[in-house]
Amino acid sequence: MRNFASIAELLNQDRPGYTLPQALYTSEEAFRFDTEVMLKSVWLYACTVAHVKNPGDFYVFEMANNSVFIVRGRDGEVRAFYNTCTHRGSRICQVQAGTMPRIMCPYHFWTFGLDGKLIAARGMPDDFDKGAHNLRQVALENCGGLLFICLADNPPPIEPAKQDIAAAIGIYNMDKLKVAAVEDLHDTANWKLVMENNRECYHCEANHPELLNSLSGSGFGRGNPEDGDAADEDDVTAQVERWKAMGVWRDLVEFPDGGWHRVGRLSLAHGALSQTMDGQPASRKLIWPVEHAEPTSVSVWTQPNSWHHFCCDHVVTFSVMPQGPDRSILRTSWLVHEDAVEGEDYTVENLTHVWKATNRQDRHLAEMNHAGIVTDGYRPGPYALEENLVDAFKTFYVERAKAALEAAGQP
């Protein structure tokens, strides 16, 4: 591993309550450290069980030079493998998603089972050991239908995050959902700035008119999900009691013990029942166990690369994948009930309108932020009170970065 002494110096310059030193956002060295060391030491959100719904379905996750595909086997198990053939290293899956009866390298047609075991290697010597050339597996964990991978040889423990996330989103039964739409946005901004922008609603009023039809800042850095403005406190209390009676309420989970997950049920704004332009459900097929819609959603935030919203009728998931010091991919997926029929129960345009607009607005903000940080005028600045979730993300990054350096023998 290359020496990252300069990164250690920058991490030690970090000030609590302030943004990061400039080079940690902008330098090639920091990008290499992030993608070669820090991000390999943690759990990364890749996709959902709905993305690999049937045997043979595969989905590709990419981060810088690393490519991993997730595939469902004939036994129903979901596994992750490096997207690299064990013959001469060719990339195997050439597209982001699809279905294959078996895994076949397009270069020399080495063929693997959906469990990653090599089953055919043409023209090899008689004493060739196929069992020594299976695909290289990547650690994968299913958290209530959200699939996380870790590129470390010895992944860190995933509890209690796995249990907390599954407990909160289990009512949405993601095994019974399907992917209705996927969109990749290519942001000209460092991946940390894309994440930081998501972690606050300090910017929302002036930038997100579509989103504010259904969401307020409550729960997004302006208090806990159960908190409300004084005038609304009685209404919020009544809502919580109703949701408790329905069996859908769970108390806020707020990055416990330095953990990497936050889970909360939020009240939707203005009586909205879903995250749509008119506040009405985007799909007529509800996905939760209550027979009617309610003005609420569950939000899941995971460090360092994802956030998710679970409405009564659909799910929206987001992942950030670093591609360069100033390049990131934001991948958004919209999920609906597997029995929902496009054109009858939902339209893709209505389903995706709010977050497509919001993502483009956020792309502009992250790119504007990056453009300012690269100048000589940048100095780390203080977080506002309602940017506490940004501070939590930055603190996570610094702590895990230092731990990864120490584990690599570079304190």
Side-chain angles (χ1 to χ4, degrees), residues 43-85 90-107 111-116 135-151 172 174-187 283 287 305-309 314-323 327-342 346 348-349 351-352 355-356 359:
W43 290 97
L44 302 170
Y45 168 70
C47 64
T48 75
V49 291
H51 289 86
V52 287
K53 193 171 181 62
N54 301 303
D57 288 352
F58 70 89
Y59 203 79
V60 177
F61 173 88
E62 297 188 79
M63 179 184 72
N65 64 314
N66 270 307
S67 179
V68 174
F69 68 90
I70 295 92
V71 61
R72 188 178 291 273
R74 298 190 186 283
D75 57 0
E77 289 295 314
V78 179
R79 301 175 179 87
F81 301 99
Y82 281 102
N83 194 12
T84 303
C85 183
S90 172
R91 184 183 179 98
I92 298 174
C93 297
Q94 304 293 305
V95 294
Q96 178 186 312
T99 301
M100 51 189 173
R102 60 191 62 83
I103 302 167
M104 182 179 289
C105 176
Y107 194 3
T111 305
F112 306 83
L114 297 177
D115 59 0
L135 292 177
R136 186 180 172 196
Q137 197 158 352
V138 173
L140 180 146
E141 290 284 350
N142 182 348
C143 299
L146 301 177
L147 300 179
F148 293 81
I149 62 172
C150 183
L151 301 175
Y172 297 96
M174 296 187 72
D175 288 322
K176 296 294 184 181
L177 304 187
K178 67 178 180 181
V179 178
V182 177
E183 181 182 64
D184 281 1
L185 279 188
H186 294 259
D187 293 4
S283 175
I287 63 172
N305 82 315
S306 79
W307 61 97
H308 317 265
H309 300 304
H314 74 281
V315 175
V316 193
T317 76
F318 308 81
S319 60
V320 176
M321 294 171 286
Q323 302 300 304
R327 293 181 293 112
S328 308
I329 295 176
L330 171 63
R331 178 167 294 168
T332 308
S333 298
W334 291 263
L335 283 59
V336 297
H337 195 283
E338 63 184 1
D339 294 333
V341 177
E342 183 181 352
Y346 71 96
V348 171
E349 180 180 3
L351 177 72
T352 62
W355 278 108
K356 278 190 173 183
N359 285 345

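Keep in mind that what you see is a predicted model, and the values were worked out from it rather than measured.
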**OP:** Specify the closest pair of heavy atoms between T84 and L135, including all atoms of both residues, with the distance to one decimal.
**Re:** O-CD2, 3.7 Å
Subject >> Side chain K178, main chain K53, donor-acceptor under 3.5 Å >> reply: no
**OP:** May I ask you to check whether H314 and Y346 place their ring centres under 6.0 Å from each other?
**Re:** no
**OP:** Hey, could you give me the CZ/CD distance between F58 and Q96, rounded to the nearest 0.5 Å?
**Re:** 9.5 Å
**OP:** Using modelled atom types only, decide if a donor and an acceptor are shared between the side chain of K176 and the backbone of D339 within a distance under 3.5 Å.
**Re:** no
Subject >> V60 and V95, any side-chain heavy atoms less than 4.5 Å apart >> reply: no
Original post:
Would you say N66's side chain and M63's backbone share a donor-acceptor pair under 3.5 angstrom?
Top reply: no
**OP:** Identify the two heavy atoms, one from A50 and one from L335, that lie closest to each other, and give their separation to 0.1 Å.
**Re:** CB-CD2, 3.7 Å
Subject >> Test ring-ring contact (aromatic ring centres under 6.0 Å, His included) applied to H51 and Y45, Y59, W334, F61, the passing residue >> reply: Y59
Original post:
Between CG of D184 and CE of M321, what distance do you get to the nearest 0.5 Å?
Top reply: 5.5 Å
**OP:** Working to the nearest 0.5 Å, report the span between SG of C93 and CD1 of I103.
**Re:** 7.0 Å
**OP:** Would you mind reporting whether T48 and V315 have side-chain heavy atoms less than 4.5 Å apart?
**Re:** no
Subject >> Any side-chain donor near an acceptor of the partner, S283 and H337, under 3.5 Å >> reply: no
**OP:** Give, for atom CG of N83 and atom CZ of R136, the distance between the pair rounded to the nearest 0.5 Å.
**Re:** 13.5 Å
Original post:
What salt bridge (charged side-chain N to carboxylate O under 4.0 Å, His left out) pairs are there with at least one residue in residues 64-78, not counting sequence neighbours?
Top reply: D75-R79
**OP:** Check for a donor-acceptor pair, side chain of N305 on one end and backbone N or O of L44 on the other, with a separation under 3.5 Å.
**Re:** no
Original post:
Should V49 and N142 count as side-chain neighbours, where that means a heavy-atom distance under 4.5 Å?
Top reply: yes
Original post:
If you measure from CE on M100 to CZ on F69, what distance do you get to the nearest 0.5 Å?
Top reply: 5.0 Å
**OP:** Using a 4.5 Å cut-off on heavy atoms from C-beta on, say whether the side chain of V52 contacts that of V71.
**Re:** no
**OP:** Would you indicate whether the side-chain heavy atoms of I287 and V336 approach each other to under 4.5 Å?
**Re:** no
**OP:** Using ring pair (Phe, Tyr, Trp, His ring centres under 6.0 Å) as the criterion, list what pairs up with W355, not counting sequence neighbours.
**Re:** H309, F318
**OP:** Looking only at non-hydrogen atoms, find the nearest pair between L140 and A80 and report the distance.
**Re:** CD1-CB, 3.8 Å
